[in-house]
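Note sheet for the following structure.
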2 protein chains.
Amino acid sequence: MNIGDVSTRSGLPAKTIRYYEDIGLIKPHRSNNGYRCFVEADLHKLAFLGRARALGFTIEECRLLMALYEDESRASGDVKQLALEHLRKIEAKIADLQAMRETLTELVQCCAGDSRPDCPILKDLAGQTELPKQGVKA
Amino acid sequence: MNIGDVSTRSGLPAKTIRYYEDIGLIKPHRSNNGYRCFVEADLHKLAFLGRARALGFTIEECRLLMALYEDESRASGDVKQLALEHLRKIEAKIADLQAMRETLTELVQCCAGDSRPDCPILKDLAGQTELPKQGVKA
DNA sequence: CTTGACCTTCCCTTGACTGGAAGCCCCATG
DNA sequence: CATGGGGCTTCCAGTCAAGGGAAGGTCAAG
């Protein structure tokens, strides 16, 4: 299989597949003409990576997950711990974003949004807040 | 005011303040010794930027917001539109993360997390899913 | 005079790719 | 046999919003 086929079948861009080789996540063979030559196992790994990335795992976490996957004597507890840590990070991000959403929603509701210059959103950003609740979140 | 004071008072790292000057968001004067010399207006702008960034606006959005802030004849509708677009993006991100959270939570719940190698999380990532609901999200 | 804190510029690194240029390789058509 | 097009290769640069650190100038205190 050439990279184009693998790209189609895995859903990953060819660029991304080359990048994954660069950073040592996969090691496809080469044909005589220098083309990368993928076997089913490579495709399988790429699919694994694609799914892990879609779940938000970082590349380094993916590397660990792959190592665990290939280690027949792994402890499922190690995998679970990795997944739990990742879950915590995701939940923290969600909380951050929800806080932003709340503040923004309030501000948007307070703004007339017409052709007049008076704007509570800008006032808030400038620190001349008219809303009692709003605080800066570093 | 030197950069250290401004950093303390604005809560932004000195590096960030220099960066903001680099990209033209602020234009502090210089003292004879070459040190940046900030006035209250600069501090004010930096606080504005800090708050806008804390709400997740990109640097370019901040640039627009600052321009609107400084434009006495702005229409609050323009500000509101910017904020609304940003709000949409935040909501989209939250939705993505929530989908990840759901999938991960399920997977974590299915995993015994002990010393045995059998692991539904890895199975799912490998595409040998045991959960009927799980699908790959590009 | 020296020490230490503060400031300057400059360049490199981050994460996870993406874009583009320059140049092979291979197959099919004229 | 030339040529055209698509696919493949490598390498370099850019993204976003800074952060790290080196090399060196400045200033106030002791």
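By convention in this document, chain letters (A, B, ...) are assigned in the order of the sequence lines, proteins followed by strands, and residues within each chain are numbered from 1.
- With hydrogens and angles disregarded, a donor-acceptor distance shorter than 3.5 Å links the side chain of B/K80 to the backbone of A/C111.
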Might you work through the salt bridge (charged side-chain N to carboxylate O under 4.0 Å, His left out) test for B/D114 and B/R116, ending with a clear yes or no? CA-CA 6 Å; B/D114 54 22; B/R116 287 171 301 170; 2.5 Å; yes
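- Linking ILVMFWY residues whenever their side-chain heavy atoms come closer than 4.5 Å, directly or via other members, leaves B/V39 and B/Y35 in distinct clusters.
- For B/K89, the NZ atom counts as densely surrounded, since its 6.0 Å shell holds more than 12 non-hydrogen atoms of other residues, nucleotides or ligands.
- The residue from B/K45, B/K27, B/R36 that alone fulfils the salt bridge (Lys or Arg N to Asp or Glu O under 4.0 Å) condition with B/E21 is B/R36.
- Taking a 4.0 Å limit (strictly below) on heavy-atom distances, residues 22-41 of chain B reaches DNA chain D at B/N33, B/Y35.
- Ring orientation note: the planes of B/Y69 and B/F48 are tilted relative to one another, at an angle of 30° to 60°.
- Remark: P of C/dC26 and CG of A/D5 are 16 Å apart, rounded to the nearest angstrom.
- The phosphate of C/dC17 (OP1 or OP2) has a side-chain N or O of A/Y20 nearer than 4.0 angstrom.
- At a threshold of 4.0 angstrom between heavy atoms, the contacts of B/R18 include nucleobase atoms, whether or not backbone atoms are also involved.
- B/S73 pairs by the side chain to side chain donor-acceptor pair (under 3.5 Å) definition with B/D71, not counting sequence neighbours.
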Test side chain to side chain donor-acceptor pair (under 3.5 Å) on A/E102 and A/Q98 and set out the steps. CA-CA 6 Å; A/E102 275 179 44; A/Q98 279 175 341; over 6 Å; no
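- Rounded to a whole Å, the NZ atom of B/K15 is 12 Å from the P atom of C/dC10.
- Contact annotation: the side chain of A/L87 approaches that of B/R101 to within less than 4.5 Å [non-hydrogen atoms, C-beta and beyond].
- Each of B/E60 and A/A14 has a nearest nucleotide on DNA chain D; the 5'-most of these lies closest to A/A14.
- Summarising the geometry, the separation between OH on B/Y19 and C1' on C/dT14 is reported as 13 Å, rounded to the nearest angstrom.
- One can place CD1 of A/I59 at 11 Å from P of C/dT18, the figure rounded to the nearest angstrom.
- Taking atom CD on A/E21 and atom P on C/dC17, their separation rounds to 15 Å, with Å as the unit.
- If you walk DNA chain D from 5' to 3' and mark each nucleotide with an atom closer than 4.0 Å to a heavy atom of chain B, the marks span D/dA17 to D/dC27.
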